[in-house]
Protein chains: 2
Amino acid sequence: MTTIYDIAKKADVSPMTVSRVINNKGNISEKTRKKVEAVIKELNYIPNSAAQSLNIKKTKLLSLIITDITNPFFTKVARGATDKANQMGYQLILCNTDENHEKESDYINALISKRVDGVIIAPTGDPSIKNLKKLIKNRIPFTLIDRQIEDVSCDRVLGDNYEGTKLLLQHLIDYGHQRIAMVHGPLTISTSKERYQAYIETLKINDLNIDSSFLVQTHYKQEKQWNGIDYLVNLPSADRPTAIFAANNFIAIKLIKSLREKRIKVPEEIAVVCFDDLELFSDLDPFLTVSSQPAYDFGYIGTQLVIERVEDVSPTDYRTINLKPELVIRKSSGTPIKE
Amino acid sequence: MTTIYDIAKKADVSPMTVSRVINNKGNISEKTRKKVEAVIKELNYIPNSAAQSLNIKKTKLLSLIITDITNPFFTKVARGATDKANQMGYQLILCNTDENHEKESDYINALISKRVDGVIIAPTGDPSIKNLKKLIKNRIPFTLIDRQIEDVSCDRVLGDNYEGTKLLLQHLIDYGHQRIAMVHGPLTISTSKERYQAYIETLKINDLNIDSSFLVQTHYKQEKQWNGIDYLVNLPSADRPTAIFAANNFIAIKLIKSLREKRIKVPEEIAVVCFDDLELFSDLDPFLTVSSQPAYDFGYIGTQLVIERVEDVSPTDYRTINLKPELVIRKSSGTPIKE
DNA sequence: CTGTTAGCGCTTTCAC
DNA sequence: GTGAAAGCGCTAACAG
């Protein structure tokens with residue numbers, strides 16, 4: 001491996017001078033700069049960033065911690081994050097926690113060891129606070145995206161789960177639905193909790209009865225059991241809801257699949273709506289009625305905010321950016337119910 | 001930041017001893033080990049990997065270079081790659097080249113500077129060879145995935161584009177199609193070229209006429225122009241193909257959208273098939289007939305192969321793993337044509 | 001404008 | 001079983 005010493009010797013200058021031209025720092029005569037640059041090119045020299053990091057205490061490394069890159073929402077988040085990171089000269093380390101607090105903790109340790117400059121994280125849930133505290137203790141700035149954790153000093157990019165839920169439910173109610181079920185995720189995840197609370201609130205405002213058996217829980221992961229859904233799907237037809245609000249797109253897909261297996265038609269027999277779009281697929285077949293969130297922006301803005309902290313150009317007060325959902329009405333919510 | 005010196009002082013041993021317990025290396029009495037470990041825990045000490053890297057010349061950093069994480073094929077690849085990487089104690093840096101050779105080159109430079117231990121790369125195309133040579137010069141092992149580049153010393157995980165194409169076309173031909181068009185990507189990309197050649201071969205074997213106006217080119221990117229497709233779609237109905245083979249799923253989606261805009265029904269008026277599945281979506285609505293590739297394995301195995309090189313446990317001969325495609329027949333290829 | 005001297009936090013090497 | 005000295009490749013701080 002060639003080092004600044006090799007360059008220095010060959011260009012007949014001191015290593016420090018080489019360092020200066022690499023970093024474009026300090027004053028150097030045009031002549032020596034040219035000379036050094038020529039040797040650098042000739043030897044294909046590329047600085048060792050481990051050595052640099054050790055001195056300047058910056059790595060130009062960021063990390064994005066999400067639950068699963070395979071979830072279309074997070075796929076877009078990741079695209080936004082890498083775009084912003086690269087645009088600003090950073091590299092992005094990708095971590096999938098699978099909603100697992102342990103894994104999250106392991107990642108955080110690895111990232112601290114790597115001395116990443118900053119982290120963009122969609123935490124696994126409320127217990128993540130312990131992991132976030134660890135980042136703080138190590139002075140690694142982070143921005144929280146998508147999922148809220150209370151009482152942590154950091155920037156945030158959050159959606160509006162109340163608004164998104166209301167949009168969806170009001171749409172169903174306007175269509176005449178009175179028996180609306182909800183499949184939500186674990187209430188330790190802020191998005192779940194807020195959508196859950198908004199569900200209850202919205203039904204109340206509309207003087208609709210809240211049937212607790214219509215509120216079933218599942219998880220946010222892709223595989224495994226989906227017991228809450230099975231319950232709803234197996235209800236005798238007289239007891240069934242006329243519409244179901246799925247807390248996210250994974251759940252909606254699983255739900256619709258289950259309904260179809262039971263030969264229950266969507267939307268003819270049961271309308272289905274959910275949070276978060278499936279953009280590519282919606283291009284092919286605009287089917288799901290959704291509250292669509294600007295996933296790309298969560299990643300892009302989230303990354304921008306950490307970088308600003310890293311580079312110390314942020315206001316001292318932590319910021320919370322709120323990204324608005326948009327109701328996209330498609331087939332799965334059916335048509336207004338005729339009395 | 002706490003260092004081994006802090007630990008050493010507090011545990012009343014030398015820094016070297018601390019280093020030994022961190023790395024589980026050399027002989028240490030149980031007593032001092034316990035003592036040191038206690039202090040490490042107490043001070044929440046986490047080793048600085050920049051300093052470690054500088055000595056041992058390993059970073060435990062890998063990079064995945066793909067064209068676009070947003071493409072469902074690569075999303076799965078990324079999942080496979082991160083899974084394997086993390087399982088083996090590595091972190092994964094994600095890079096999106098957007099089929100852009102320049103961007104690829106910039107990434108490679110950045111990664112060399114970071115001294116990543118290895119790279120898993122789906123190159124942008126034949127000119128990528130220059131970038132790969134650069135990796136070789138810097139002794140960074142890599143595995144080529146999905147896209148072939150000839151005459152490079154490295155491991156490979158490739159699909160079988162001939163087989164996948166034949167499967168799809170034979171299926172259409174068996175259904176009675178004689179006028180089959182193809183929309184392919186740039187021929188500087190091996191997957192494009194191979195699918196293109198397989199198309200010609202398969203038609204020949206079946207004694208079908210090859211109409212060069214039925215062979216149109218587009219690109220592999222998501223946005224922008226799609227001129228090749230527009231041409232096909234605007235053909236007067238008498239001149240139209242009865243089936244179209246789209247070289248990948250992005251192209252198929254764009255194609256179907258364009259066809260629908262022209263009120264041409266798929267599959268009733270034109271059958272459509274393509275390479276690579278859209279798994280999540282197919283769950284919701286099994287529509288596209290595809291040659292499905294085990295995307296996850298490209299990432300997983302690709303990563304496994306580099307790690308083996310990095311850790312020097314590979315056979316000296318470079319390996320090529322071939323992953324087989326699978327024909328999944330669904331609605332978009334229609335039904336057999338009645339004469 | 002350029003060079004010298006330390007030292008970043010750790011590991012390697014060689015003593016003891 | 002443990003420690004001291006040197007050095008990984010680079011930059012900060014100072015000197016000239």
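A note on names: the letters A, B, ... follow the listed sequences, proteins ahead of strands, and every chain is numbered from 1. Side-chain atoms are counted along with the backbone in the values below, which use heavy atoms only and exclude waters and symmetry mates. Note that the structure is a prediction, hence the values are computed from the model and not measured.
- Residue B:Lys103 places its NZ atom among more than 12 non-hydrogen atoms of other residues, nucleotides or ligands, all under 6.0 Å distant.
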Quiz item: How far apart are the C-alpha atoms of A:Glu99 and A:Arg147, what are their side-chain angles, what is the distance that settles it, and do they pass the salt bridge (Lys or Arg N to Asp or Glu O under 4.0 Å) test?
Solution: CA-CA 12 Å; A:Glu99 307 281 358; A:Arg147 300 173 174 193; 2.9 Å; yes
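- DNA chain C lies under 4.0 Å from no heavy atom of any residue of residues 35-43 of chain A.
- In this entry the distance linking CG of B:Leu54 with C1' of C:dT11 reads 10 Å, nearest Å.
- We find that CZ of B:Arg33 is positioned 13 Å from C1' of D:dT2, with the value rounded to whole Å.
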Between the protein and nucleotides 12-16 of chain D, which nitrogen or oxygen pairs are less than 3.5 angstrom apart?
unit_1	atom_1	unit_2	atom_2	d
D:dA12	OP1	A:Lys25	NZ	3.3

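- Using a distance-only test at 3.5 Å, with no hydrogens or angles considered, no donor-acceptor pair links the side chain of B:Asn109 to the main chain of B:Asp106.
- Distance, A:Met1 CE to D:dG9 C1': 12 Å, rounded to whole Å.
- Atom-to-atom, CG of A:Asn24 to P of D:dT11 comes out at 12 Å; the value is rounded to the nearest Å.
- Rounding to the nearest 0.5 Å gives a distance of 5.0 Å between CD1 of B:Ile93 and CD1 of A:Ile93.
- Checking A:Arg33 against A:Asn27 by side-chain atom types alone, no donor-acceptor pair falls below 3.5 Å.
- At the phosphate of D:dT2, OP1 or OP2 sits under 4.0 Å from a side-chain N or O atom of B:Thr32.
- For B:Gln52, taking side-chain heavy atoms from C-beta onward, the closest of the listed nucleotides C:dC10, D:dT11, D:dT2 is C:dC10.
- Using a 4.0 Å cutoff on non-hydrogen atoms, no part of residues 109-118 of chain B comes near DNA chain C.
- If you check the side chains of A:Tyr107 and A:Asn96, you find no donor sitting under 3.5 Å from an acceptor.
- Side-chain polar atoms of B:Asn44 and A:Lys134 form no donor-acceptor pair below 3.5 angstrom.
- Ring centroids of A:Phe298 and A:Phe74 are separated by 6.0 Å or more, keeping the two rings apart.
- Considering only side-chain N and O atoms, A:Asn23 lies under 4.0 angstrom from the phosphate OP1 or OP2 of D:dT11.
- Close to D:dT2, at under 4.0 Å from its OP1 or OP2, lies no side-chain N or O of B:Thr17.
- Take A:Arg309 and apply the side chain to side chain donor-acceptor pair (under 3.5 Å) test, not counting sequence neighbours, and it matches A:Asp155.
- Distance check, rounded to the nearest 0.5 Å: CG of A:Asp68 to CZ of B:Arg79 gives 4.5 Å.
- Checking side-chain atoms of B:Thr143 against main-chain N and O of B:Val306 turns up no donor-acceptor pair under 3.5 Å.
- For C:dC8, neither phosphate oxygen OP1 nor OP2 lies less than 4.0 angstrom from any side-chain nitrogen or oxygen of B:Thr3.
- Side chains of B:Ser128 and B:Thr124: a donor on one and an acceptor on the other come within 3.5 Å.
- At least one side-chain nitrogen or oxygen of A:Ser19 sits closer than 4.0 Å to the OP1 or OP2 atom of D:dT11.
- Scored by the side chain to side chain donor-acceptor pair (under 3.5 Å) test, B:Asp117 finds B:Thr59 as partners (sequence neighbours excluded).
- Distance NZ (B:Lys60) to C1' (C:dC10): 17 Å, rounded to an integer number of Å.
- Here A:Ser53 lies out of heavy-atom contact (under 4.0 Å) with every strand.
- OP1 or OP2 of D:dG9 lies within a sub-4.0 Å distance of a side-chain N or O belonging to B:Lys57.
- Residue A:Asn27 is in base contact, counting any heavy-atom pair closer than 4.0 Å across all strands shown.
- Of the residues in residues 4-15 of chain A, those lying under 4.0 Å from DNA chain C by heavy-atom distance are A:Val13, A:Ser14.
- Interatomic distance, CZ of B:Arg319 versus OG of B:Ser314, reported as 4.0 Å (0.5 Å rounding).
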